[in-house]
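In what follows, a single structure is set out as structure tokens and then discussed.
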Amino acid sequence: MVEGTPKTVVMKFGGTSVAGAEEIKRAARRIVAAREAGARVVAVLSARGKTTDELVASALEISERPEPREMDMLLSTGERISCALCAMAIHDMGHKAISLTGSQAGIVTDSSHTKARIIDVKADRIREALSEDRIALVAGFQGVSTESHDVTTLGRGGSDTTAVALAAALDADVCEIYTDVAGVFSADPRIVPDARKLTFTSYEETLEMAASGARVLQLRSVEYARNHGVRIHCRSSFDDGEGTLVVTEAEVKARAKQENVEQPSVTAVTHTDDEARVTLVGIRDEPGVAGEIFNALAEAGINVDVIIQNEPVGDDELADLSFTIDRSELTAATDALSALGDVSQGVRTDDRIGKVSIIGAGMRSHPGVAAKVFEVLGGEGINIEMISTSPIKISCVISADRVPDAVRVLHQAFELGADAVRPEEPEGAEHRPTVSG
Ligand code: ADP
Ligand code: ASP
Ligand code: MG
């Protein structure tokens, strides 16, 4: 930042943080306080409370397969309401504010309705508002397609990505994500009450966490932040405490070194409980078949997660192939597969699937982590149905109803809890640099 230039902050408030009139006024006070402290402020707001869920439900009451373009027209209204109301609250506090839709704010996306990707940010209108000493309030989760000029939405949780994209475009000093928990935790604090708040976490670990279900930050927002070097500060909208800073792995390591502490093998346990599994029984075991199947799914815009294929064991040379997807995409997936014709002898589905994952950059240098995960889950009588790994993640697909137990036992086994201490350390000693109470 050039000396004398006021600091620029992007502040994003999630659904719970703007749910009722009191919350909107609280967010407005926080925005105004940042402005009064001298910052140029852009605030990105989500739809109030459960508005987006209600809008989705109202669409499904009308139609089994709502047209994605119309879905975006509908869903994008929620965040506009929040912004207009918050602008009114800020005016009453004696400050100038302007609310903008995603399109007015210059969020340009591709045309994939309901899961569009930001391809450009033309923030001129925001810059103009800031130079006129206004606070810019931007409706999160939406943009406009370059091709069709239609309204698009960025996928559930997409307001995080709006905020990070604006922070990158405006070269903001920080992107603050205000939410209903105090930061990024070692597990979902709603499932594990003694989960620890991470003081620092790397883009790499946070990406894996977001990709495996820690919905506190949308995956795409972390990706965007890493690619553009945006510092994210994820914190509570209900108190002034410091939250979690998402920064480079080098910075996390430098801090650990400074404090002379070893990197733990595991940093967090994440979970999902809203997946479905599709099994294609009896597919031909020959080149090109998997390509055909997954191309059809990709063309239908379906994200596939874990995939396994069994070697044929019988004389018929037929294999079984299973994959997991978001439960909400199950109908679209089975539609896409039936359009392929006789690629398999049958399709089986299970819509009560979940996944538990452990994440930690430190597992690269700690052997035996996977063995411990399987042993702990086995000891709890939890059947592992599929496994996938990355260098810093181990995921196990399990039955959705066992997910909370799995999260709790793994969190405990890897001593991630707020009260956890290493055996060799004196009672009460902190052993993890990236963590606080
Ligand atoms: P917002 O509406 O503010 O965007 P979200 O509901 O999208 O909030 O995300 C916050 C929620 O994420 C928390 O209430 C918490 O239950 C959940 N969550 C899941 N995993 C984690 C985690 N590891 N750390 C923090 N929160 C988590
Ligand atoms: N309102 C949208 C959702 O509920 C976007 C967001 O809150 O980030 O997914
Ligand atoms: Mg969210």
Side-chain angles (χ1 to χ4, degrees), residues 11-19 23 27 44-57 71-72 74-83 102 107 114-116 138-143 152-165 176-199 201 205-222 232 234-238 243-244 246 266-274 326 328 355-360 403-404 407 410-411 416 418 434-435:
M11 306 170 80
K12 178 257 170 177
F13 293 85
T16 323
S17 312
V18 290
E23 284 81 14
V44 173
L45 305 189
S46 287
R48 306 175 77 191
K50 299 254 167 270
T51 303
T52 310
D53 290 337
E54 286 158 13
L55 291 171
V56 171
M71 203 62 183
D72 280 349
L74 179 71
L75 298 188
S76 59
T77 58
E79 342 302 279
R80 293 175 61 163
I81 295 173
S82 305
C83 285
I107 307 286
T114 75
K115 49 179 101 162
V138 179
F141 168 65
Q142 56 189 275
T152 53
T153 62
L154 309 178
R156 298 306 304 265
S159 299
D160 297 333
T161 305
T162 306
V164 170
E176 296 185 325
I177 305 281
Y178 288 88
T179 184
D180 57 2
V181 287
V184 179
F185 282 73
S186 56
D188 186 341
R190 288 178 208 287
I191 292 196
V192 182
D194 74 334
R196 290 188 187 205
K197 184 180 76 192
L198 310 177
T199 308
T201 156
E205 283 183 334
T206 319
L207 268 176
E208 292 282 16
M209 288 179 72
S212 58
R215 71 166 196 272
V216 62
L217 292 169
Q218 195 202 30
L219 172 61
R220 181 74 188 119
S221 74
V222 186
I232 295 180
C234 177
R235 59 197 303 191
S236 168
S237 63
F238 300 105
T244 302
V246 185
V266 175
T267 306
V269 181
T270 57
H271 73 278
T272 59
D273 57 8
D274 56 358
D326 213 82
S328 61
K355 191 177 67 184
V356 63
S357 308
I358 58 158
I359 286 107
V403 164
V407 174
L410 287 172
H411 195 265
L416 302 179
T434 57
V435 159

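Counting starts at 1 for both ligands and their atoms, following the listed order. Residue numbers start at 1 and run along the sequence shown. The model shown is predicted, which means the values in this text are computed figures rather than measured ones.
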- Taking distance alone, with no angle check, do Pro189 and ligand 1 share an N/O pair under 3.5 Å?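 No, Pro189 has no N/O under 3.5 Å of an N/O on ligand 1.
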When you compare the side chain of [Y] with that of [X], does any pair of heavy atoms fall below 4.5 Å?
X	Y	result
Leu416	Arg196	no
Thr52	Phe141	yes
Ile81	Arg48	yes
Gln218	Ser159	no
Thr270	Lys355	no

Test of proximity, [X] against ligand 2: N or O pairs below 3.5 Å:
X	value
Lys12	no
Gly157	yes
Arg156	yes

Output the list of atoms in ligand 1 that are nearer than 4.0 Å to some heavy atom of [X], sorted by atom number.
X	answer
Arg190	13 (C), 14 (O), 15 (C), 16 (O)
Asp180	10 (C), 11 (C), 13 (C), 14 (O)
Gly183	24 (N), 25 (C)
Thr179	1 (P), 3 (O), 8 (O), 10 (C)
Phe185	22 (C), 23 (N), 24 (N), 25 (C)

- Any chance CZ of Arg80 has more than 12 other-residue heavy atoms, nucleotides or ligands included, within less than 6.0 Å?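 No - once you tally the heavy atoms of other residues, nucleotides and ligands closer than 6.0 Å, there are 12 at most.
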- Item | Within-shell test, Gly158 vs ligand 2, heavy atom, strictly < 4.0 Å |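 Yes, Gly158 has heavy atoms under 4.0 Å from ligand 2.
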- Touching ligand 1 at all, Lys12? Heavy atoms, strictly under 4.0 Å?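 Under 4.0 Å: yes for Lys12.
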- Does Ser186 come within less than 4.0 angstrom of ligand 1, counting non-hydrogen atoms of the residue?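 No; Ser186 lies far enough from ligand 1 that no heavy-atom distance drops under 4.0 Å.
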- Message: Does only the side chain of Ala187 get under 4.0 Å from ligand 1, or the backbone, or both, or neither? Count heavy atoms.
- Response: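 Answer for Ala187: backbone.
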- Proximity of Val181 to ligand 1 by residue part, where a heavy atom lies under 4.0 Å: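 It is the side chain that touches ligand 1; the backbone stays farther off.
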- From atom 11 (C) of ligand 1, work out which of Arg215, Met209, Arg196 has a heavy atom at the shortest distance.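 That would be Arg215.
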- Given Asp160, Val269, Thr52, Asp188, which one has a non-hydrogen atom that is nearest to atom 15 (C) of ligand 1?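 Looking at heavy atoms only, Asp188 sits closest to atom 15 (C) of ligand 1.
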Main-chain N/O of [Y] paired with [X] side-chain donor or acceptor, under 3.5 Å:
X	Y	value
Ser221	Thr161	no
Glu79	Ala47	yes
Thr244	Leu198	yes

Which residue and heavy atom of the protein sit nearest [atom], plus the separation:
atom	value
atom 9 (O) of ligand 1	Val216 CA, 3.5 Å
atom 2 (C) of ligand 2	Thr52 OG1, 3.5 Å
atom 2 (O) of ligand 1	Gly15 N, 3.1 Å

- Message: List ligand 2 atoms under 4.0 Å from Ser46, heavy atoms only on the residue side.
- Response: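 Every atom of ligand 2 under 4.0 Å from some heavy atom of Ser46: 6 (C), 7 (O), 8 (O).
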- Hey, which atoms in ligand 2 end up nearer than 4.0 Å to a heavy atom of Glu79?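 Heavy-atom distances to Glu79 below 4.0 Å select 1 (N), 2 (C), 5 (C).
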- Please list, chain by chain and in numerical order, all residues satisfying salt bridge (Lys or Arg N to Asp or Glu O under 4.0 Å) with Glu208, sequence neighbours excluded.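 Salt bridge (Lys or Arg N to Asp or Glu O under 4.0 Å) list for Glu208, sorted by chain: Lys393.
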- Item | Listed partners of Arg190 passing salt bridge (Lys or Arg N to Asp or Glu O under 4.0 Å), at least two apart |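 Listed in chain order: Asp180.
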- Query: Do the side-chain N and O atoms of Thr153 and Asp72 include a donor-acceptor pair separated by under 3.5 angstrom?
  - Reply: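 Looking only at side-chain atoms, Asp72 and Thr153 do form a donor-acceptor pair, the distance falling under 3.5 Å.
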- Query: In terms of side-chain heavy atoms, does Thr201 have a donor or acceptor partner in Thr206 at a distance below 3.5 Å?
  - Reply: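 A donor-acceptor contact under 3.5 Å links the two side chains.
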- Message: One residue to check: Gln218. Relative to ligand 2, which of side chain, backbone, both or neither has a non-hydrogen atom less than 4.0 Å away?
- Response: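 Under 4.0 Å from ligand 2, Gln218 contributes no heavy atoms.
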